[in-house]
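Before any comments, here is the structure.
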Amino acid sequence: MKAKWLPISAAVAMALASASASAVDFHGYMRSGVGISQDGSTQTYEKNKVGRLGNEADTYGELQLGQEVYNKAGKSFYVDSMLAVTSDGSNDWEDTTNEDANFALRQFNVQAKNLFGGNETLWAGKRFYQRHDIHISDFYYWNISGAGAGIEGIQAGPGQLSLAWVRNDRASSEGTGVTGNLNVNTLDARYAGIPLWSDASLELGVDYAIVNPTDSQDDENPDLKDGVMITAELTQGLLGGFNKTVLQYGTEGYAKSFAFYGDGSWYGAETSKGADGFRIINHGVISLGDSWDISHQLVYGVANDWNSGYSDKYETFSAVVRPVYKWNDNMKTILEVGYHDDSISYVNGHSSDGYNGAKYTVAQAFTAGKGFWARPEIRIYATYLDVGGKAWQSDTEQTPFNGGDDSSTWNFGVQAEAWW
C-alpha cells in the first residue's frame, strides 16, 4: 500500500513546488461553547425566527484553504477548498461512528479571473455562491450554493451581471413522493450594483429551478414542477452601517421554501400545482453614537396553495432586535429579543392553527475590537425561551422543551465565535 501511494505523493509535491511561492490563504469560521438549561442540556428554538444569541448548542467550524496557482498577463487561476464539521459538543472525542459529529465538503472549485479582459470571474466546482444572509438569526434568504459553474462580475452598463448553473437536488426523505434523490438544477441570473441615490444600490435576480426526474420517479409522482424565484434587494448605507430591504416572489416549490425560511438551495418540487408565495425582509446594522450598535430583522412570508388537501395558506412573521453597548475596545453588553408568529389556514373546513414563540437573551461579551463585527468574541449569556403554552407544530400538542413537556425554559452558558 505504501508503494502505491508514493507516485501520488511525488506528483502532489511537484505540483506544489511548481505553484506560486505565495502563501496559502487560510480562512475559517467557528462557534463552540458549553451550556445548560433547567431541563438538562441547552435547549434551542427556531433561531432563524427569534435570533441565534444564546440559542445555539452546537460546535461548528469551517476551514478554508485557497491559493492562486497561476498569474500571467493579468490573468489568474485560483483553487479554493473548504471542509466543515458539526457536533453536539457533548464529549471530548466525537466522530461519525457514534453520530456525534458530521463532516462535509462545502467548497472545492477553480476560479479563473480576467480571462476575457473585463475583470470577470469564470468558475466551476462546488462553492458558496453570492450568499445573502442575516447574521443575528443565521437566516440565509438567497443562497443557491452547491456544485455548479458560472461567470460573475461582467460589467454591463451601470451594474454587474452574473450567470450560474448550480445543482440543488432534493432528498427523497423530504416528502417528494419519489424513490431516491430528485435531481434539481438551478439557473441563476443576477444584476448587482445598480446605483440609485446617495449610498444606495439595487440588486435584481431570477432563479429557475428545473426538475429532472428519472422515468421511474416521474411515474411515482407525475406532478413534480419547475419554479421561478424573483428577488430584488435595496441596500442603503445608513448611520455607519447599512439597511437592506428585500422583496421575493416565488412559484411552485419556491412558495414552500418561503414559508419555511428556505434560501433557494432547496426546492419543494412536490408542492401543489399552482402554488405561489412572497417574502418581505428588512434587516441591517447601524451605530447610535460611539457606544451603541443595533441590528434588527423583520421577516414576513406567505405561501399560498402549497399543500393540496391540507393547507391553502401558510403565513409567518418574525422580528429580532440586538442592541449592543460597548464599554471599551474589548467588552460589550448585548441584549437580543426575538418573536415569531406562524399561522396555518387549513382546507376542508378545518380551522386555522399556528404557533408562536419568543426569546430573551442578555450576554456579557469579551471581544477583539469595538465594532459590531469584531471577532473573536467570548460571550457569557442567559436566555429565556417561551412559546406561551401553544403547540409548536400544528399536528401535535407537544411543546419544544424538556422532551415535549414544557413550554418555556432557561439557558445559561458560554460561547465563543470567530472568523478569520
Side-chain angles (χ1 to χ4, degrees), residues 15-16 18-27 62 64-82 105-133 140-168 184-210 228-237 242-248 263-265 373 419-420:
L16 291 175
S18 63
S20 169
S22 61
V24 172
D25 296 324
F26 176 46
H27 305 285
E62 297 170 345
Q64 183 175 10
L65 296 173
Q67 185 175 35
E68 184 181 73
V69 296
Y70 174 92
N71 191 325
K72 186 175 182 181
K75 298 174 173 58
S76 71
F77 282 78
Y78 190 90
V79 179
D80 204 6
S81 65
M82 177 186 286
L105 177 63
R106 301 302 306 274
Q107 300 195 74
F108 229 134
N109 63 83
V110 172
Q111 302 168 29
K113 299 184 178 181
N114 200 35
L115 292 185
F116 311 110
N119 292 316
E120 68 291 313
T121 300
L122 178 69
W123 65 272
K126 186 178 178 68
R127 68 173 294 200
F128 289 168
Y129 184 69
Q130 299 193 27
R131 305 188 304 169
H132 294 241
D133 72 297
Y140 286 81
Y141 54 88
W142 193 9
N143 169 32
I144 63 162
S145 297
I151 185 167
E152 59 184 342
I154 304 170
Q155 194 65 44
Q160 293 185 325
L161 176 67
S162 298
L163 304 170
W165 166 25
V166 179
R167 179 175 172 178
N168 296 131
V184 179
N185 295 277
T186 304
L187 302 181
D188 179 279
R190 309 187 187 200
Y191 189 53
I194 306 169
L196 299 176
W197 49 87
S198 177
D199 296 324
S201 64
L202 178 66
E203 180 171 359
L204 303 174
V206 58
D207 292 274
Y208 181 40
I210 303 173
V228 176
M229 180 175 74
I230 300 171
T231 302
E233 180 179 82
L234 171 65
T235 301
Q236 173 70 62
F242 68 90
N243 182 273
K244 292 179 181 285
T245 300
V246 184
L247 303 177
Q248 292 181 299
D263 56 10
S265 65
W373 303 104
W419 50 67
W420 62 92

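As the structure is a prediction and not an experimental result, all values here were calculated from the model.
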*Would you indicate whether the side-chain heavy atoms of Glu233 and Val246 approach each other to under 4.5 Å?*
yes
*If every non-hydrogen atom of Leu115 is compared with every non-hydrogen atom of Phe77, which pair is closest and at what distance?*
CD2-CE1, 3.9 Å
*In this structure, which one of Asp25, Val69, Asn109, Asn71 forms a side-chain contact (heavy atoms from CB on, under 4.5 Å) with Tyr78?*
Asp25
_Atom pair CG (Leu187) and CG (Leu163), whose distance is rounded to the nearest 0.5 Å_ = 9.5 Å
*Minimum heavy-atom separation for Gly66 to Asp80, with atom names?*
CA-OD1, 3.9 Å
*Could you pull out the closest heavy-atom pair between Ala200 and Gln236, with the gap in Å?*
CB-OE1, 3.4 Å
*asked:* Tell me whether Lys244 forms a cation-pi arrangement with Phe242, defined as NZ or CZ under 6.0 Å from the six-membered ring centre and within 45 degrees of its axis.
replied: yes
*Atom pair CH2 (Trp123) and CD1 (Ile151), whose distance is rounded to the nearest 0.5 Å*: 11.5 Å
_Asp188 side chain to Ala164 backbone, donor-acceptor under 3.5 Å_ = no
*Spatial distance of atom CG (Leu122) from atom NZ (Lys113) [nearest 0.5 Å]*: 12.0 Å
*What's the spacing between Lys75 NZ and Tyr70 OH if we round to 0.5 Å?*
8.0 Å
*Let me know which of Thr231, Ile194, Ile230 forms a side-chain contact (heavy atoms from CB on, under 4.5 Å) with Leu204.*
Ile194
_Minimum heavy-atom distance Leu65-Phe26, with the two atoms named_ = CD2-CD1, 3.6 Å
*Okay, side chain of Tyr191, backbone of Gly159: is any donor-acceptor separation there less than 3.5 Å?*
yes
_Short side-chain to backbone donor-acceptor contact, Gln248 and Tyr141, under 3.5 Å_ = yes
_Do Glu62 and Trp419 pair up side chain to side chain, a donor and an acceptor below 3.5 Å, judged on atom types alone?_
no
*Only pairs at least two apart or in different chains count here, so list each side-chain hydrogen bond (donor to acceptor under 3.5 Å, both in side chains) that has a residue in residues 142-166.*
Arg127-Glu152, Gln130-Glu152, Gln130-Ser162, Trp142-Asp207, Asn143-Ser145, Asn143-Asp263, Gln155-Gln160, Trp165-Asn185
*asked:* I need the minimum non-hydrogen distance between Met229 and Gly264, along with the two atoms involved.
replied: CE-CA, 4.2 Å
*Quick one: pull up OG1 in Thr186 and CG in Asn168 and give me the separation to the nearest 0.5 Å.*
4.0 Å
*Calculate, to the nearest 0.5 Å, the distance between atoms CD and CZ belonging to Gln64 and Phe128 respectively.*
7.5 Å
